[in-house]
Chemist: 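Before anything else, here's the structure in question.
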Amino acid sequence: MEPVLGCIADDITGATDLALMLGRHGMPVVQRIGCPAADDPWPKGAAAVVVALKSRTAPVSEAVDQSLTACRWLQGQGARQIFFKYCSTFDSTPAGNIGPVAQALHGATGAGIMVVCPAFPANRRTVYQGHLFVGDRLLSQSSMRDHPLTPMNDADLVRVLGRQVQNSDDVGRIDYACVRQGAGQIRRELQRLAAQGIKFAVVDALNDEHLKQIGKACDGMPLVTGGSAVAMGLPANYRAAGWLPATEGLVPIENWAGPAAVLAGSCSVATRDQVAHMAAVCPSRQLDPLGLADGRERQTDILDWAAAHMWRKPVLIYASAPPETVAAVQDRLGRQRAGELVEANLAELAVGLRQQGITKLIVAGGETAGAVLEALEIRELRIGPEIEPGVPWTVSTEGSPLALVLKSGNFGRPAFFSRALEMIT
Ligand code: ADP
């Protein structure tokens, strides 16, 4: 199949979410973990490839380099449009990485102007007057203000992005009054802003129809940026151009035998609720980062514990903790080190669990999922059935069979883990 869309996602769960969005809208899609090597071929049967990076919280220069390498590979393969995917809660710091990466891709693709729109209405993320809402709260009043790595204290996306790019005057916005008039009007507004030298247009979106119109307005633009939901409008453009086959993008997962484990590294409210829900009915074990740091807590003990339980019931291993506990750990270890330590331990546990025979693995947390996939040396995922909006089962096509869920921290209802496991047993 001819390459159509090349996507660059700044974390793994976000990449899966985007791949699902494209698959659901009839686009055969493959998710690549990490940057492909220069001579890697375009995966067979894919119209879209989503390259999943782990660049959300990497140093700015690393995030830019990785994104440019991915972009060059996608362009070299012949992708007709590039999509830069970030989180629907615009996870970033004052230094980046959304702004610097978008700016670099702007240069690499020769884009005049790009839309910037993290809205994901099905998950209650909307953009109004340039401000990002999570449900009925501004982003800065949501639980995102306590995120361990990317606390979001400002909901004004023009201001947030303006701080991250070289020139804050390059950021403009297109408001709801324009968006509701549809693709034609959005396109005219994009052209008007581009003529003023605006490179980044923060676009309001309150519902899926708005997103479809934004997608339509992006037809033929070299670069689109946004949360995964913005991509819902793109396949229609490709279909109209005759670039897409009539096939469905999602693979079924049936009769998947074997034990299951959940590894949770996200500290989001949603994940902590899910952890509490599962801990009430399954064997569970909480990791103590300080214990891991000073060697009191050991991988082998945890794996022995898992081996003793996992053949009877799914097991849950989690580091998830409320903000005050995370803050205390970060005070002792430093924010970066605490995060890396927990990620590394969960990743090693994933490897151990797979060796012990786990065939179903659910990972909660974007950074955590990135670390886990790297440790498992998984490079390609096919997208399976959807569990809840934005989160599918996936299948690793390399090595022994493994069905995986990579859940972004914020996503899913309290019973998410058990619902996911019920789907494929
Ligand atoms: P989310 O998808 O919610 O953003 P991530 O996995 O991306 O989740 O980020 C959560 C970060 O918090 C990870 O770096 C993880 O290692 C770190 N973390 C998890 N539990 C703890 C803890 N108890 N103390 C300190 N940091 C933690």
Side-chain angles (χ1 to χ4, degrees), residues 9-18 52-58 63 85-93 97-98 118 120 123 125 134 139 142-152 227-228 262-276 284-294 296-297 302 316-350 361-375 388 390-391 405-412 416-417:
D10 70 353
D11 89 334
I12 302 273
T13 53
T16 310
D17 168 19
L18 173 61
L53 301 178
K54 198 170 178 303
S55 54
R56 184 170 293 169
T57 56
K85 152 77 175 72
Y86 36 79
C87 190
S88 61
T89 39
F90 216 69
D91 298 16
S92 50
T93 68
N97 290 333
I98 296 175
F120 193 155
N123 282 335
R125 274 73 156 149
V134 177
L139 175 70
S142 76
S143 59
M144 277 307 294
R145 69 183 163 191
D146 298 318
H147 191 280
L149 303 175
T150 50
M152 298 301 291
S228 59
V262 176
L263 293 175
S266 164
C267 298
S268 67
V269 175
T271 299
R272 283 187 285 129
D273 283 350
Q274 290 154 1
V275 163
S284 67
R285 189 154 167 153
Q286 182 167 23
L287 297 184
D288 167 19
L290 298 176
L292 292 168
D294 66 19
R296 267 179 295 128
E297 185 142 55
I302 303 166
L316 165 67
I317 301 172
Y318 64 100
S320 317
E324 53 287 2
T325 312
V326 172
V329 169
Q330 291 180 335
D331 278 351
R332 293 277 297 275
L333 301 176
R335 172 181 292 192
Q336 191 80 14
R337 169 139 187 264
E340 283 167 8
L341 179 82
V342 172
E343 286 170 34
N345 273 280
L346 287 169
E348 263 181 65
L349 285 169
L361 182 63
I362 301 179
V363 186
E367 296 293 324
T368 308
V372 165
L373 287 190
E374 204 174 314
E388 286 191 28
V391 201
V405 178
L406 308 172
K407 189 194 75 74
S408 168
N410 288 316
F411 282 19
F416 178 88
F417 297 143

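Note that the numbering runs from 1 along the sequence shown for the chain. Scope of the values below: all heavy atoms of this structure, side chains included, with no hydrogens, waters or symmetry mates. Order of appearance sets the numbers: ligands from 1, and atoms from 1 within every ligand. These numbers come from a predicted model, not from an experiment.
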Chemist: Using a 4.5 Å cut-off on heavy atoms from C-beta on, say whether the side chain of K85 contacts that of S228.
Modeler: yes
Chemist: Does the side chain of K407 come under 3.5 Å of the side chain of T271 through a donor N or O and an acceptor N or O?
Modeler: yes
Chemist: Using side-chain heavy atoms (C-beta onward) and a distance below 4.5 Å, is I12 in contact with V363?
Modeler: no
Chemist: Is there a donor-acceptor pair closer than 3.5 Å between any side-chain N or O of E367 and the backbone N or O of E343?
Modeler: no
Chemist: Indicate, as side chain, backbone, both or neither, the part of L149 found under 4.0 angstrom from ligand 1 when only non-hydrogen atoms are considered.
Modeler: side chain
Chemist: Would you say ligand 1 has an N or O under 3.5 Å from any N or O of P289?
Modeler: no
Chemist: Just wondering, do R125 and P118 contact through their side chains at under 4.5 Å, heavy atoms?
Modeler: no
Chemist: Would one find an N or O of G409, backbone or side chain, under 3.5 Å from an N or O of ligand 1?
Modeler: yes
Chemist: What protein heavy atom sits nearest atom 26 (N) of ligand 1, and how far away is it?
Modeler: V326 CG1, 4.1 Å
Chemist: Counting only nitrogen or oxygen atoms and a 3.5 angstrom limit, does N410 reach ligand 1?
Modeler: no
Chemist: Judged by non-hydrogen atoms, does T325 sit under 4.0 Å from ligand 1?
Modeler: no
Chemist: Distance alone, cut at 3.5 Å: any donor-acceptor contact between the side chains of T89 and D91?
Modeler: yes
Chemist: Does T368, backbone or side chain, put an N or O under 3.5 Å from an N or O of ligand 1?
Modeler: yes
Chemist: Indicate yes or no: at least one non-hydrogen side-chain atom of F90 is less than 4.5 angstrom from one of I98.
Modeler: yes
Chemist: For ligand 1 and P148, I'd like to know whether there is a polar contact (N/O to N/O, distance under 3.5 Å).
Modeler: no
Chemist: Around atom 8 (O) of ligand 1, find the nearest protein heavy atom and jot down its residue, atom name and distance.
Modeler: G365 CA, 3.4 Å
Chemist: Does Q330 come within less than 4.0 angstrom of ligand 1, counting non-hydrogen atoms of the residue?
Modeler: no
Chemist: Examine S266 against ligand 1 and note whether any of their N/O atoms are separated by less than 3.5 Å.
Modeler: yes
Chemist: Give a yes/no verdict on whether any heavy atom in H147 is under 4.0 Å from an atom of ligand 1.
Modeler: yes
Chemist: Any sub-3.5 Å donor-acceptor pair from R272's side-chain atoms to C267's backbone N or O?
Modeler: yes
Chemist: Hey, are T13 and D11 close enough side-chain-wise for a donor-acceptor pair under 3.5 Å?
Modeler: yes
Chemist: What residue and atom, counting heavy atoms only, is the protein's closest point to atom 16 (O) of ligand 1, and at what distance?
Modeler: G339 O, 2.9 Å
Chemist: Do E367 and ligand 1 have an N or O pair less than 3.5 Å apart?
Modeler: yes
Chemist: Are V342 and L346 close enough, and set up right, to give a side-chain contact (heavy atoms from CB on, under 4.5 Å), and what steps lead you there?
Modeler: CA-CA 6 Å; V342 172; L346 287 169; 3.9 Å; yes
Chemist: Could you tell me which atoms of ligand 1, counted from 1 in the order shown, lie closer than 4.0 angstrom to a heavy atom of A319?
Modeler: 20 (N), 21 (C), 22 (C), 23 (N)
Chemist: Which protein heavy atom lies closest to atom 13 (C) of ligand 1, and at what distance to 0.1 Å?
Modeler: E343 OE2, 3.5 Å
Chemist: Tell me which donor-acceptor pairs under 3.5 Å the side chains of residues 325-340 have, and how far apart each pair is, sequence neighbours excluded?
Modeler:
| unit_1 | atom_1 | unit_2 | atom_2 | d |
| --- | --- | --- | --- | --- |
| Q330 | NE2 | P148 | O | 3.3 |
| R335 | NE | P148 | O | 3.2 |
| Q336 | NE2 | E340 | OE2 | 3.2 |

Chemist: Ligand 1 and G366, any nitrogen or oxygen pair closer than 3.5 angstrom?
Modeler: yes
Chemist: Where is the nearest protein heavy atom to atom 15 (C) of ligand 1: which residue, which atom, and how far?
Modeler: G265 O, 3.5 Å
